[in-house]
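Reviewing the structure listed below.
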Protein chains: 2
Amino acid sequence: MADLISLPALPDDERVLLLLGLLSAQERHGYEINDFISRQLGCVIDLKKATAYQLLDRLEQHALIASHPAQHGARPTRKVYRLTEAGHAHFLELLKARLAHEEVLILPGSVSLIFCEHLPAAERLMAAQERLAQLEARVAMQERLLELPGLPQSMKRPKTRLLALTRADLEWLRGWVGELERGEVAP
Amino acid sequence: MADLISLPALPDDERVLLLLGLLSAQERHGYEINDFISRQLGCVIDLKKATAYQLLDRLEQHALIASHPAQHGARPTRKVYRLTEAGHAHFLELLKARLAHEEVLILPGSVSLIFCEHLPAAERLMAAQERLAQLEARVAMQERLLELPGLPQSMKRPKTRLLALTRADLEWLRGWVGELERGEVAP
DNA sequence: CTCTAATTGGTCAATCTTGACTATTCAATA
DNA sequence: TATTGAATAGTCAAGATTGACCAATTAGAG
């Protein structure tokens, strides 16, 4: 029997997996979730506060999570969420599916590489060198973050992966800037 | 003097750069642009047809591009766009800015890595192996695409970059699957 | 004790995105 | 010579996203 009031389907994506996963370990309220994401997972996923709140509502409508209001001192009431049984099952299914599926990478910053010949050689070289400096700084930062003590293995995995790819990007960029410096690229 | 009718600002992003860049070489109509993007640039940028049409409208409202209607046989009238002078200037500015700026990479597929311990070891290993197979196939595909004759240098650049990062991803994944196979990961 | 800044906890209107749809034309096949 | 399928050329409404905003509380400086 079809639902009389049919909810828009849930997106089958990483953000759902993330919220369910965070709730599978323990109950949390919205603010807590957002705080964790912005502090620990900023480099792993891009999920804005407002999107997260809206998605939590949606997950609750789909009965994958349930909430109860909680008063904490004189603060505004919080909604504390927990995973339902259906939510736990969905979490495991989605996890298996997304672990098995390699997403296509779309690299930001590629379009400028296509058109860079439109810039005068001097400007192009300066821009590329600035980009290189930024990327070197980013790699250094990521290395430092990984060495931070107390990072659990599960969090380390995506960050190690990111570092591997960022290093590869750096290597690629060094090669290209080298070509530019040696003037091997058309005007 | 502020605009009486203020247009929403243009996004300062790669899609604008792409459209301006494509029009900087020659006049094109919307369908042609979308066709080119979906055929040649599917792996470089994610820009849907409807978004592109809407963005072309917007660019025209901002007077960065101009259009004239063109009849072609008995086909529906097309709008043929060309870059204005302002558009050309904006293109060069944006190009310089985006070439100099290294965007943060956000890797899809990382969230499942965080929670993978929630899966039974056998399922986890199978999923990871399937992912590995997909990634190997993708690398092979990208290598083939790069060897296709007639690919101009400018198009080769983003694709070489993508291949470098995809290979790094493959290496990382091989390492992790190796650990899983040797049972080096917690239950 | 007062003032400021940061944190807590969240909502909302305006904008952006996209799957689905329209409608015609051309090419090839049966 | 119907008929089917692909290419041409876009449009639109429904849903997704987010920057900006609100309002209270607590911490810390002076």
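All values below come from the heavy atoms of this structure, side chains included, with hydrogens, waters and symmetry mates left out. Chain A is the first sequence line, chain B the second, and so forth, proteins listed ahead of strands; every chain is numbered from 1.
Of all nucleotides in DNA chain D, those with any atom nearer than 4.0 Å to a heavy atom of chain A start and finish, going 5' to 3', at dA16(D) to dT26(D).
Scored by the salt bridge (charged side-chain N to carboxylate O under 4.0 Å, His left out) test, E32(A) finds no partners at all (sequence neighbours excluded). With sequence neighbours excluded, no residue satisfies salt bridge (charged side-chain N to carboxylate O under 4.0 Å, His left out) with K159(B).
For the pair Q54(B) CD and dG19(C) P, the computed distance is 15 Å after rounding to whole Å. For the pair R78(A) CZ and dT11(C) C1', the computed distance is 18 Å after rounding to whole Å. Rounded to whole Å, atom C1' of dT15(C) lies 13 Å from atom CD of Q61(B).
Sorted by residue number, the members of residues 15-53 of chain A with any non-hydrogen atom under 4.0 Å from DNA chain D read R15(A), K48(A), A50(A), T51(A).
For residues 15-26 of chain B, the pairs satisfying side chain to side chain donor-acceptor pair (under 3.5 Å) are D13(B)-R15(B), with sequence neighbours left out.
Heavy atoms from other residues, nucleotides or ligands lying under 6.0 Å from CD of E85(A) number 12 at most.
In this structure, R78(B) forms no cation-pi arrangement with Y31(B), as its terminal cationic atom is not both closer than 6.0 Å to the ring centre and no more than 45° off the ring axis.
Under the 4.5 Å side-chain criterion, counting only non-hydrogen atoms from C-beta, D169(A) is in contact with E102(B).
Aromatic ring orientation, W176(B) versus W172(B): parallel (interplanar angle below 30°, classes split at 30° and 60°).
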Show me the donor-acceptor pairs, under 3.5 Å and distance only, between side chains in residues 57-65 of chain A and residues at least two apart or in other chains.
from: E60(A); atom 1: OE1; to: K79(A); atom 2: NZ; distance (Å): 3.4
from: E60(A); atom 1: OE2; to: S67(A); atom 2: N; distance (Å): 3.3
from: E60(A); atom 1: OE2; to: S67(A); atom 2: OG; distance (Å): 2.7
from: H62(A); atom 1: NE2; to: P8(A); atom 2: O; distance (Å): 3.1

